Protein chains: 2
Amino acid sequence: MEKSKSVKIDVDENCPVRGILDRFGDKWSTLILLLLGESSVLRFNEIYKMIPGISQKMLTVSLKTLEEDGLVKRTVYPQIPPRVDYELTPRGMSLLPHIQNLVKWANENRLNILQSRETHRL
Amino acid sequence: MEKSKSVKIDVDENCPVRGILDRFGDKWSTLILLLLGESSVLRFNEIYKMIPGISQKMLTVSLKTLEEDGLVKRTVYPQIPPRVDYELTPRGMSLLPHIQNLVKWANENRLNILQSRETHRL
DNA sequence: CGGTATCCCTAACGATACTG
DNA sequence: CAGTATCGTTAGGGATACCG
């Protein structure tokens with residue numbers, strides 16, 4: 001047995017891990033992944049309506065980068081009016097549980113954290 | 001059995017979960033948590049040297065918000081020159097494995113993601 | 001040593017208008 | 001319906017100088 005499980009932290013400038021994680025460390029991407037994880041397939045406007053506060057632009061941008069990273073699959077049905085479906089890829093699905101775990105942790109620790117912030121302000 | 005395991009996604013404007021996760025969705029906080037997870041106790045300057053590219057300001061800010069959320073404990077030794085130690089709290093430790101899992105996932109999927117980005121550019 | 005305080009700049013994001 | 005294009009704002013973060 002080694003001294004540490006050591007996830008091997010690469011702290012380098014061009015840290016390769018950060019280049020990956022930063023992509024869904026943004027404001028909306030994790031939320032989109034969670035929604036697609038629950039609904040399996042969603043149209044653009046469905047996601048749009050499910051996320052109050054997001055702009056059409058940011059939804060487009062977020063979906064595009066998720067697609068670039070191969071986490072989300074985009075399917076266009078060439079009809080009028082057009083129809084575009086979004087769903088998780090296997091890779092996206094492999095990421096999903098980790099995000100869900102984070103959300104779960106956040107829910108479990110929310111109240112305590114908020115209280116910490118309060119008492120810290122005094 | 002219910003239809004879904006349902007991590008319960010709160011998509012509301014004032015989504016409480018986002019208010020938590022956004023705090024370490026920033027540029028440096030997760031990295032600091034990982035380092036403290038490996039080293040257990042570190043002084044300010046030790047962390048500073050371990051993270052090339054971080055500014056003194058951002059290290060201060062990041063540590064402060066981590067402390068506010070009760071994820072990191074700050075201990076001041078009133079001597080000259082001063083000495084300040086940082087370590088994970090139990091709450092910080094409970095978060096650590098989830099971040100490590102994300103890093104692990106990122107490492108495992110790094111190459112494939114980079115390739116996805118490439119082929120997508122064509 | 002371990003921070004503040006200040007200034008500045010860029011990237012992220014939002015709002016609005018337009019399009020195939 | 002599902003986007004683009006353009007513009008304006010703002011918050012994150014870097015550089016530098018100073019302090020107890």
Side-chain angles (χ1 to χ4, degrees), chain A residues 11-15 18-32 35-36 39 41-69 72-87 120-121, chain B residues 11-15 18-32 35-36 39 41-69 72-87 120-121:
Chain A
V11 179
D12 213 337
E13 279 294 340
N14 45 355
C15 165
R18 190 174 321 153
I20 306 298
L21 295 182
D22 281 357
R23 294 291 277 252
F24 42 86
D26 71 348
K27 198 171 179 184
W28 307 108
S29 294
T30 56
L31 195 43
I32 295 170
L35 289 174
L36 288 176
S39 303
V41 178
L42 289 173
R43 298 182 59 168
F44 184 89
N45 253 351
E46 289 178 323
I47 308 178
Y48 187 55
K49 286 169 191 159
M50 291 172 91
I51 309 183
I54 195 172
S55 64
Q56 211 172 23
K57 172 188 172 181
M58 285 319 294
L59 180 54
T60 304
V61 170
S62 302
L63 284 169
K64 195 165 289 181
T65 74
L66 289 174
E67 195 201 355
E68 279 175 16
D69 284 6
V72 162
K73 180 182 162 206
R74 179 175 182 265
T75 311
V76 183
Y77 297 90
Q79 56 191 37
I80 292 179
R83 168 197 181 130
V84 182
D85 280 356
Y86 291 94
E87 59 193 313
H120 198 94
R121 282 183 48 79
Chain B
V11 179
D12 213 338
E13 279 295 341
N14 45 355
C15 164
R18 190 172 323 151
I20 306 297
L21 295 182
D22 281 358
R23 296 288 277 251
F24 42 86
D26 70 348
K27 198 171 178 184
W28 306 109
S29 294
T30 55
L31 195 42
I32 294 171
L35 290 175
L36 288 177
S39 304
V41 178
L42 289 173
R43 298 180 60 167
F44 184 88
N45 254 349
E46 289 178 323
I47 308 177
Y48 187 54
K49 287 170 192 160
M50 291 171 92
I51 310 183
I54 196 174
S55 63
Q56 210 172 25
K57 172 188 172 182
M58 285 318 296
L59 181 54
T60 304
V61 170
S62 302
L63 284 170
K64 193 165 289 180
T65 74
L66 289 174
E67 196 200 354
E68 280 174 16
D69 283 7
V72 162
K73 181 183 163 203
R74 180 175 181 266
T75 311
V76 183
Y77 298 90
Q79 55 191 40
I80 294 181
R83 168 195 179 131
V84 182
D85 281 355
Y86 292 94
E87 60 193 313
H120 198 93
R121 283 183 47 78

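Chain letters run A, B, ... following the sequence lines, proteins first and then strands; every chain starts at 1. Here the structure is a predicted model, which means the values were calculated and not measured.
If you take OH of A:Y48 and C1' of C:dG14, they are 11 Å apart, rounded to a whole angstrom. Taking atom CG of A:L63 as the reference point, atom P of D:dA2 lies 11 Å away to the nearest angstrom. Rounding to whole angstrom units, CD1 of residue B:I51 and C1' of C:dG2 are separated by 15 Å. Atom pair A:Q79:CD and D:dC1:C1' shows a separation of 10 Å (rounding to whole Å applied). Rounded to a whole Å, the CZ atom of A:F44 is 7 Å from the P atom of D:dA2. Put simply, CD1 on B:I80 is 12 Å from C1' on C:dG2, counting in whole angstrom units. In this structure, CG of A:L59 is placed 13 Å from C1' of D:dC1, rounded to the nearest angstrom. Taking atom CG of residue B:D85 and atom P of nucleotide C:dG2, one finds them 8 Å apart after rounding to whole Å.
Rounding to the nearest 0.5 angstrom, the gap separating the CD atom in B:E67 from the CG atom in B:D69 is 10.5 Å.
The side chain of B:R43 contributes an N or O atom lying less than 4.0 Å from OP1 or OP2 of C:dG2. Side-chain N/O atoms of A:R74 include one lying less than 4.0 angstrom from OP1 or OP2 on D:dG3.
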When you look at A:L36 and A:I47, which way does the side chain to side chain contact (heavy atoms under 4.5 Å, CB included) test go after all the steps?
CA-CA 8 Å; A:L36 288 176; A:I47 308 178; 4.2 Å; yes
Mind running side chain to side chain contact (heavy atoms under 4.5 Å, CB included) on B:I51 and B:W28 for me, showing each step along the way?
CA-CA 9 Å; B:I51 310 183; B:W28 306 109; 3.7 Å; yes
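Side-chain atoms of B:S39 never come within 3.5 Å of backbone atoms of B:L42 as a donor-acceptor pair (strictly under, hydrogens ignored). Between the side chain of A:S29 and the backbone N or O of A:D26 there is no donor-acceptor pair closer than 3.5 Å.
We find that A:E68 and A:R23 are joined by a salt bridge, their nearest charged nitrogen and carboxylate oxygen being less than 4.0 Å apart.
DNA chain D is contacted by both A:T60 and A:P82; A:P82 maps to the nucleotide lying nearer its 5′ end (nearest heavy atom per residue).
Nucleic acid contact class of B:Y86 (heavy atoms, under 4.0 Å, all strands): sugar-phosphate only.
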Would you list the protein and nucleotides 10-16 of chain D atom pairs, both N or O, that sit under 3.5 Å from each other?
{"unit_1": "D:dG13", "atom_1": "OP1", "unit_2": "B:K27", "atom_2": "N", "d": "3.1"}
{"unit_1": "D:dG13", "atom_1": "N7", "unit_2": "B:K57", "atom_2": "NZ", "d": "3.4"}
{"unit_1": "D:dG14", "atom_1": "OP1", "unit_2": "B:K27", "atom_2": "NZ", "d": "3.0"}
{"unit_1": "D:dG14", "atom_1": "O6", "unit_2": "B:K57", "atom_2": "NZ", "d": "2.3"}

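Considering every non-hydrogen atom in both B:E46 and B:R43, the closest pair reads OE1-N, 2.7 Å.
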